[in-house]
Amino acid sequence: MRAGAVDRRSRLVDSYNEAIVCERCPLAATRNRVVFGAGNADADLMFVGEAPGAEEDRQGLPFVGRAGALLTELLGEIGMTREDVFIANVLMCRPPGNRDPQPLEIESCHPYLLEKIALIEPRVICTLGNFATKLLTQNRAGITRVRGTPQVQELGGRTVFLLPLFHPAAALRTPAMAETLRADVRGLPKLLAQELPSGVAGAGPDRADPEPEPEPALVEPDQLGFFG
Ligand code: URA
């Protein structure tokens, strides 16, 4: 059963409060800020990138650099804003020098990511690039092979459509990739409207149920204000 919007948001705030003091891996020693993720706690659409870069580490927010601007632009092309979606990463802390995430770091951060998925209950999760795609599909197939084709996955205890996409940072470097990414994003409204396969606990039409709870008027610091 899908949690109500107010309950979901408050549980996400609990998860955030736990995450910002996380010391599960060595990145705790080198980060400036934990980048928990930001956006709408009640989103149908979630993006999962790789890891914070320098600017994200400084601001404590995901995708705030040039790659983030591209993501915002592509969302705009399908009539959506960042406030409509939730954006997270495989890692919440910046790897020094933007090196690749290490297995221990990925493993340490994974429960936080799964918790976010479980709490937000998105219908569609877009994995951005190889790291997020391989982690959430549990498959070694590279992004070039799997991008653009939705998969049905069970994540965070429910069934979702997972759509692998090129990472916006890669798209910025390669114009052909940018066009492919743009075309794949254009398919999102149709995917969002598609019915999830039924028969799996938590999946299905309950997403469309009306939610009677009023939005809480909360005054919160920093990233908390980004939970829609
Ligand atoms: N910014 C992020 O937050 N994540 C990425 O994967 C890249 C840039």
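Each ligand, and each atom within it, is numbered from 1 in the order the structure gives. The shown structure was predicted, so the numbers you read here are calculated from the model rather than taken from an experiment. Side-chain atoms are counted along with the backbone in the values below, which use heavy atoms only and exclude waters and symmetry mates.
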Hey, what polar pairs (N/O, under 3.5 Å) does ligand 1 make with protein?
residue, atom, partner, partner atom, Å
ligand 1, 1 (N), Glu56, OE2, 3.0
ligand 1, 3 (O), Phe63, N, 2.9
ligand 1, 3 (O), Asn89, ND2, 2.9
ligand 1, 4 (N), Ala51, O, 3.1
ligand 1, 4 (N), Asn89, OD1, 2.8
ligand 1, 4 (N), Asn89, ND2, 3.4
ligand 1, 6 (O), Glu50, N, 2.8
ligand 1, 6 (O), Ala51, N, 3.3
ligand 1, 6 (O), Asn89, OD1, 3.4
ligand 1, 6 (O), His167, NE2, 2.8

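Not counting sequence neighbours, Glu115 has no partner by the salt bridge (charged side-chain N to carboxylate O under 4.0 Å, His left out) test.
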List the atom pairs, with distances to 0.1 Å, where a side-chain N or O of residues 180-187 and a protein N or O form a donor-acceptor pair under 3.5 Å, not counting sequence neighbours.
residue, atom, partner, partner atom, Å
Thr180, OG1, Ala176, O, 3.0
Arg182, NE, Glu77, OE1, 3.0
Arg182, NE, Glu77, OE2, 3.1
Arg182, NH1, Glu179, OE2, 3.2
Arg182, NH2, Glu73, OE2, 2.6
Arg182, NH2, Glu77, OE2, 3.1
Asp184, OD1, Arg147, NH2, 3.0
Asp184, OD2, Arg147, NE, 2.7
Asp184, OD2, Arg147, NH2, 3.4

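Of the possible donor and acceptor atoms, one in the side chain of Asn130 sits under 3.5 Å from a partner among the backbone N and O of Ile143. The main-chain N or O of Asp44 is never found under 3.5 Å from a side-chain atom of Arg123 such that the two would form a donor-acceptor pair.
The salt bridge (Lys or Arg N to Asp or Glu O under 4.0 Å) analysis of residues 12-24, with sequence neighbours excluded, yields the pairs Glu18-Arg24.
Taking the side chain as every heavy atom from C-beta outward, Thr137 and Thr127 never approach each other to under 4.5 Å.
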